[in-house]
Amino acid sequence: MIEIQRIREQQDEVLNGLSKRNIDATKEVEQILILDKEWRGQKTALQNLEAELNSISKQIGQLFSAGKKAEAQEMKAKTLELKTAVQSVKKIEEGLENEIKSLLYTLPNVCTSDVPKGIDESANEIIEEHGTSPSKEKAKTPHWDLAKTYNLIDFEMGVKVTGAGFPFYRGQGARLQRALVSFFLDEASNAGYEEYVSPLMVNENSGKGTGQLPDKEGQMYYIPADDLYMIPTAEVPLTNIYRDVLLPDANFSIKLTGHTPCFRREAGSYGKDVRGLNRLHQFEKVEIVRIETPENAENALQEMIRHVKKLLEALGLQYRVLRLCGGDTGFAAAITYDFEVYSAAQDKWLEVSSVSRFDTFQSNRLRLRFKDENKKSRLCHTLNGSALALPRIMAALLENNQCAEGIKIPECLTRYTGFEMITKKG
RNA sequence: GGAGAAUUGGCAGAGUGGUCGAUUGCGGUAGUCUUGAAAACUAUUGUACCGAGAGGUACCGGGGGUUCGAAUCCCUCAUUCUCCGCCA
């Protein structure tokens, strides 16, 4: 949620940032400012009425204790009028507040000046590209066929037991998955991130805190009996650890990591993008989350980008880094960098990581603040990134490393898998 | 799941209808004293919002209610602890 003060004080900058997403929010912003002015007037009026009521109540108390019952009764009559006035002004004030809030909730985050303007992925900027992939002749089989040949992933079994998009990994496939998780977690720990095992379901407040609710309601699995949501990413529980937190000083840099399954309904997805591991309802991911001062946020972002690059290089995958245009940037993010690995067999770039700065968009909802040098409360900045999402990494590894003997495991993983080659015998 | 008890400021812990944003202790901060430190003493020490300011309003687990007035009474939800039941 954009800070109301920011809209009051930097209206042009806000509108400009939103225009990167091809959104003209002029009307909404004007409406918010009108309502805000009205709200402040009503708030002041309400508080004045309450002050008067408080003071009369106090006098009544004094009269009673002095034994002057008749006078007290007389005073009581006066409060009646005030009380109804308080009630009606309060109703108006609360109505305005809710109206402002729901308008604010509809506005996505303000993009930074680096974000290119654009409607969809075609306007994303390719920042850099590294590594090489085998030729299409060498890496000719797509991962869904390899998964079958080597008994690594069973999609049909998943359909039987649960439904489409919930595959079983088995044998060396399951083992490879576990190896990737361990590798990613160890790398995150080595980089100073504290490892967490988090709940996989969250309450409504947590969903609101990180911006999944109310915007992406339909994308999460919901359990009505207990009013809980299955997490779409570890970002939600990890960031919400710091909901309603006021850090005592500016001397902090909070780095968290966690591995969780992620549950996404992916309503509206279809076609060949969903083939194999490309799009699932349940998948594994290692997430890194940071909470920083506004001054440190950009540095942290660059550090996270380097971290992800290091992982992809260790895995020996060809990858590129994209700076997302406004239209492709998520609702809550101020700027997002996507990482894609190249799959020769599919002749496609597959998104495997998304690293974002949220500035104060999440912390405003979370009420996550710190005390600055002047003892003033300020909102923290939050950031997060995938490091990494497993399925497409798995797909690219299987496809790019296929050879006559089987599928070669990258060196950085063999200490976790216990084998160097996936073979038909297992 | 059943029964009982509890939830108050950074922590501990008073407060059962009015002068309580809240006694007190510990902790924190500043000062006095001291060569320095400790001790002692003094002062200060929650958050948010409205207001140009003076000042005001709200918050005692969350929400609702009774009352002129609620930390205090009522309803409801959540959480914690104890006992019982069930169970990986």
Side-chain angles (χ1 to χ4, degrees), chain A residues 1-9 32-104 197-209 213 222-229 237 240-252 254 261 360 362-380:
Chain A
M1 186 158 66
I2 305 172
E3 294 161 80
I4 184 88
Q5 296 94 320
R6 192 169 171 192
I7 294 179
R8 281 183 205 144
E9 288 157 22
I32 287 170
L33 288 171
I34 289 168
L35 290 170
D36 181 54
K37 199 173 174 192
E38 175 72 12
W39 171 76
R40 286 150 82 182
Q42 295 291 339
K43 182 90 178 171
T44 306
L46 173 67
Q47 291 184 351
N48 287 340
L49 288 170
E50 283 174 333
E52 204 177 330
L53 196 58
N54 283 346
S55 113
I56 291 180
S57 294
K58 204 171 256 185
Q59 287 172 45
I60 292 174
Q62 283 163 354
L63 287 173
F64 266 118
S65 56
K68 300 175 181 168
K69 283 198 178 153
E71 286 176 52
Q73 290 297 342
E74 211 171 297
M75 293 284 274
K76 265 197 193 183
K78 266 208 230 169
T79 62
L80 217 70
E81 206 179 316
L82 270 175
K83 248 185 122 177
T84 51
V86 165
Q87 272 167 4
S88 70
V89 175
K90 194 170 196 174
K91 210 168 177 184
I92 294 167
E93 184 264 336
E94 281 173 353
L96 286 166
E97 193 178 10
N98 287 334
E99 225 176 310
I100 293 166
K101 216 171 207 176
S102 56
L103 270 173
L104 283 173
V197 176
S198 84
L200 304 181
M201 295 184 199
V202 293
N203 56 31
E204 188 184 351
N205 277 340
S206 293
K208 280 187 181 160
L213 295 174
Y222 175 60
I223 296 105
D226 298 286
D227 198 18
L228 294 172
Y229 296 84
N240 272 283
I241 292 171
Y242 285 88
R243 173 150 49 82
D244 283 316
V245 167
L246 176 54
L247 298 163
D249 53 49
N251 187 24
F252 66 91
I254 295 164
T360 58
Q362 290 184 327
S363 60
N364 189 31
R365 292 179 172 209
L366 293 160
R367 272 156 297 142
L368 164 54
R369 296 156 300 159
F370 69 99
K371 289 267 194 195
D372 68 9
E373 311 74 46
N374 305 316
K375 302 272 178 204
K376 276 204 160 174
S377 298
R378 288 174 66 196
L379 292 171
C380 299

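Naming: A, B, ... by sequence-line order, numbering from 1 per chain.
- Between A:Leu246 atom CG and B:U45 atom P there is a gap of 17 Å when expressed in whole angstrom units.
- RNA chain B is contacted by both A:Lys58 and A:Asp36; A:Lys58 maps to the nucleotide lying nearer its 5′ end (nearest heavy atom per residue).
- Atoms NZ (A:Lys43) and C1' (B:C49) sit 6 Å apart, rounded to a whole Å.
- Base pairing of B:A54: no nucleotide in any strand meets the Watson-Crick or G-U wobble criterion (both distances under 3.5 Å).
- B:A3 and B:U82 make up a base pair, with Watson-Crick or G-U wobble contacts both under 3.5 Å.
- In this structure B:C60 sits in no base pair that meets the Watson-Crick or G-U test at under 3.5 Å.
- Across the P atoms, B:U72 and B:U8 are found 14 Å apart, a figure rounded to whole Å.
- Across B:A70 and B:G62, the matching P atoms stand 16 Å from one another, rounded to whole Å.
- More than 12 heavy atoms of other residues, nucleotides or ligands lie within 6.0 Å of CG in A:Asp227, so this atom counts as buried by the packing criterion.
- With rounding to whole Å, A:Gln59 atom CD is found 14 Å from B:U19 atom P.
- Across the interface with RNA chain B, nearest-nucleotide mapping of A:Ile56 and A:Gly61 shows A:Gly61 to be the residue nearer the 5′ end.
- In this structure B:U32 sits in a base pair with B:A40, meeting the Watson-Crick or G-U test at under 3.5 Å.
- The nearest whole Å value for the distance from the NZ atom in A:Lys69 to the C1' atom in B:G18 is 15 Å.
- Atom-to-atom, CD of A:Gln47 to P of B:C49 comes out at 12 Å; the value is rounded to the nearest Å.
- Without hydrogens or angle criteria, A:Asp249 side chain to A:Asn251 main chain gives a donor-acceptor distance under 3.5 Å.
- Residues A:Ser206 and A:Asn203 have side chains that bring a donor and an acceptor to within less than 3.5 angstrom of each other.
- Taking every side-chain heavy atom of A:Arg369 into account, B:A48 is the closest of B:C49, B:C68, B:A48.
- The CD atom of A:Glu94 sits 16 Å away from the P atom of B:C50 (whole-angstrom rounding).
- Within the model, atoms CD1 of A:Ile32 and CG of A:Leu103 stand 5.0 Å from one another, a figure rounded to the nearest 0.5 Å.
- Here, B:G13 and B:U7 have their P atoms 10 Å apart, quoted to the whole Å.
- Which of B:U47, B:C68, B:U19 sits closest to the side chain of A:Ile60 comes down to B:C68.
- The same atom, C1', is picked in B:G10 and in B:U29; the two are 13 Å apart, to the nearest Å.
- The pairing partner recorded for B:G10 is B:C26, the criterion being a Watson-Crick or G-U wobble arrangement whose two distances lie under 3.5 angstrom.
- Side-chain proximity of A:Asn54 to B:A48, B:U19, B:A58: nearest is B:A58.
- Listed nucleotides B:C49, B:C50, B:C68 differ in distance to A:Thr79; the shortest reach to its side chain belongs to B:C68.
- Remark: the separation of the C1' atoms in B:A14 and B:U23 is 6 Å, to the nearest Å.
- When the C1' atom is used for both B:G1 and B:G9, the distance is 36 Å, rounded to whole Å.
- Computed from coordinates, the A:Lys83 NZ to B:U66 P distance equals 7 Å when rounded to whole Å.
- Checking the phosphate oxygens (OP1, OP2) of B:G62, no side-chain nitrogen or oxygen of A:Asn205 falls inside 4.0 Å.
- For the C1' atom pair drawn from B:G21 and B:G46, the interatomic distance equals 9 Å after rounding to whole Å.
- Of the candidates B:G18, B:U47, B:U57, the closest approach to any side-chain atom of A:Phe64 belongs to B:G18.
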Practice problem: Kindly determine whether A:Lys101 and A:Glu97 satisfy salt bridge (charged side-chain N to carboxylate O under 4.0 Å, His left out), including the steps that lead there. | Solution: CA-CA 6 Å; A:Lys101 216 171 207 176; A:Glu97 193 178 10; 5.5 Å; no
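- Atom name C1', nucleotides B:C11 and B:U45: the rounded distance is 14 Å, in whole Å.
- Regarding contacts with the backbone of B:A48, a side-chain N or O of A:Ser377 is found under 4.0 angstrom from either OP1 or OP2.
- Between A:Asn364 and A:Ile2, the closest side-chain pair of non-hydrogen atoms is not below 4.5 Å.
- Considering only side-chain N and O atoms, A:Lys371 lies under 4.0 angstrom from the phosphate OP1 or OP2 of B:U47.
- Counting to the nearest Å, the C1' atom of B:A70 and the CD atom of A:Glu50 are 15 Å from each other.
- Looking at A:Ser363, its side chain never comes within 3.5 Å of a backbone N or O of A:Leu379 through a donor-acceptor pair.
- Searching all strands for a Watson-Crick or G-U wobble partner of B:U66 with both distances below 3.5 Å returns nothing.
- Between B:G51 and A:Arg40, a contact under 4.0 Å exists linking OP1 or OP2 to a side-chain N or O.
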